[in-house]
Amino acid sequence: MGKEEIRQHVLETANRRYATKKYDPQRHISPEDWHTILEVGRLSPSSFGYEPWKFILINSPQVKKGIRPFAWGAANSLDGADKLLLILARTDVTYDSDYVRHLVADVKHHQYSPESKPSQAFKHFQEDDLGIRNDQELFEWASKQTYIAMANMMTAAAELGIDSCPIEGFNYAQMNNYLSKRRVIDLQHWRVSVMVSFGYRDQPIKPKVRQPLMAIYEELN
């Protein structure tokens, strides 16, 4: 495949990706395709490589029924999508947290010290560059990272001929409270960032309507 063909394929994938509102409940994603989508999420980039996310697939009919009253934006996905995925963001990613210590020492196999140059660089980044001052701002920073993973997963799905829909239409406090009461999440470490559904559409794709490139792009020379 030549460069021009690759460029064309990339744009076709972007045009195929559509926020699906109606799914075919009779069609199911193969285990192999689903694993590929999850792997793309896992391999996504994150700030300082600290992966502040967790993916939870909702299979339970009881949980789907339980969240329906306050997850209005997920109604169509609850009715037809093959996969409904919760994406959580960590609330405790700081230079001296147990999580960062674990990630650096046990996952990345580097020496960890809160006084090390990398740890202090991360501290400076969060506290001085980003100006994070409280737990809410810390969560919001982590939540931004989850959107990178979600976008990559949706693009991978489109490449596989699978449809998707990002979902922010739910009451966050009620969702977190519900999941906490069911012991799905520990609010000391996790909160819901966003949801996304996957499956096969039962509706035509409408042509994308976007602002022209010249309206959203400029060069500083």
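All figures in this text were calculated on a predicted structure; none of them were measured in a lab.
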Quiz item: Got a sec: does the NZ of K144 have more than 12 other heavy atoms crowding it under 6.0 Å?
Solution: no

Donor-acceptor check, side chain of T36 to backbone of E32, threshold 3.5 angstrom: yes or no?
yes

The reported gap from CD in E39 to OG in S44 (rounded to nearest 0.5 angstrom) is 10.5 Å

query: Is S60 reaching over with its side chain to a backbone N or O of I58, donor-acceptor style, under 3.5 angstrom?
result: no

In this structure, NZ of K21 is separated from SG of C165 (nearest 0.5 Å) by 4.5 Å

**Prompt:** Is a side-chain donor-acceptor pair under 3.5 Å present for E140 with Q136?
**Reply:** yes

Minimum side-chain heavy-atom gap M175-I67 below 4.5 Å = yes

Value for CZ (F139) from CZ (R191), rounded to nearest 0.5 Å, stands at 4.5 Å

Y147, I37: one ILVMFWY side-chain cluster at the under-4.5 Å cut-off?
-> yes

>> For the residue pair E159 / T13, report whether a side-chain donor-acceptor contact shorter than 3.5 Å exists.
In response: yes

Quick one, I87 and F55 - any side-chain contact, counting heavy atoms below 4.5 Å? yes

- Is it true that Y172 and V184 fall in one hydrophobic cluster, defined by side-chain heavy atoms closer than 4.5 Å? yes

Here's one to test your reading of the geometry: is the NZ or CZ of R90 within 45 degrees of the ring axis of W53 and under 6.0 Å from its centre? no

Is there side-chain contact between L84 and I167, with at least one heavy-atom pair below 4.5 Å? yes

**Item:** Neighbour count >12 (heavy atoms, 6.0 Å) for atom CE, M1
**Value:** yes

Between F122 and F48, what is the ring plane arrangement, given parallel below 30°, perpendicular above 60°, and tilted in between? tilted

_So does D92 get a backbone contact from the side chain of S97, meaning a donor-acceptor N/O pair under 3.5 Å?_
yes

To the nearest 0.5 Å, atom OH of Y50 lies from atom OG1 of T94 at 10.0 Å

Would you say NZ of K54 has more than 12 non-hydrogen atoms from neighbouring residues, nucleotides or ligands within 6.0 angstrom? no

(message) Could you go through T155 and R17, starting from their C-alpha distance and side-chain angles, then the distance that decides it, and tell me whether this counts as side-chain contact (heavy atoms from CB on, under 4.5 Å)?
(response) CA-CA 7 Å; T155 300; R17 202 251 356 119; 5.5 Å; no

Distance-only, no hydrogens or angles: does the Q120 side chain make a donor-acceptor pair with backbone N or O of P114 under 3.5 Å? yes

*Quick one: do R16 and D163 make a salt bridge, cutoff under 4.0 Å?*
yes

For Q145 and S47, the nearest pair of non-hydrogen atoms, with its separation, is OE1-N, 2.9 Å

Look only at the side chain of Q203 and the backbone of K22, and say whether a donor-acceptor pair between them is shorter than 3.5 Å. yes

Closest non-hydrogen contact found for S116 with S113 is OG-O, 2.9 Å

Q.
Counting C-beta onward and ignoring hydrogens, is there a side-chain heavy-atom pair between I162 and Y200 closer than 4.5 Å?
A. yes

Check: So do M153 and L38 actually touch side chain to side chain, heavy atoms under 4.5 Å?
Finding: yes

Can L160 be reached from L57 by stepping across I, L, V, M, F, W or Y side chains whose heavy atoms are under 4.5 Å apart? yes

Quiz item: Is there a side-chain contact between F125 and Y95, using heavy atoms and a 4.5 Å cut-off?
Solution: no

>> Using a 6.0 Å cut-off, check whether atom NZ of K208 has over 12 heavy atoms from anything other than its own residue.
In response: yes

CZ (R201) and CG (D24) are apart, to the nearest 0.5 Å, by 11.0 Å

All heavy atoms of F170 vs all of V194, minimum pair found to be CZ-CA, 4.3 Å

* Asked: Does R183 CZ have over 12 foreign heavy atoms under 6.0 Å away?
  -> no

| task | Could you check H189 against Y99 for side-chain contact (heavy atoms from CB on, under 4.5 Å), going step by step and ending with a plain yes or no? | result | CA-CA 9 Å; H189 303 290; Y99 172 71; over 6 Å; no

Is any side-chain heavy atom of D135 closer than 4.5 Å to one of T91?
no

Would you say W72 ends up clustered with L78 if hydrophobic residues are merged whenever their side chains have heavy atoms under 4.5 Å apart, either directly or through other cluster members?
no

query: Would you call H124 and D129 a side-chain contact if the rule is heavy atoms closer than 4.5 Å?
result: yes

>> Has Q126 got a side-chain atom pairing as donor or acceptor with V93's backbone, closer than 3.5 angstrom?
In response: yes

| query | Between V63 and Y178, is a side-chain contact (heavy atoms from CB on, under 4.5 Å) present by the stated rule, with each step listed? | reply | CA-CA 9 Å; V63 172; Y178 176 85; 4.0 Å; yes

Closest heavy-atom pair, S143 versus T146, reported as atoms and distance to 0.1 Å, is O-OG1, 2.6 Å

_Please tell me whether W141 and L103 are part of a single hydrophobic cluster in this structure, the criterion being side-chain heavy atoms less than 4.5 Å apart._
yes

Output for pair (M150 CE, S193 OG), nearest 0.5 Å, gives 7.5 Å

With Y23 as partner, the option from S164, S197, S77 fulfilling side-chain hydrogen bond (donor to acceptor under 3.5 Å, both in side chains) is S197

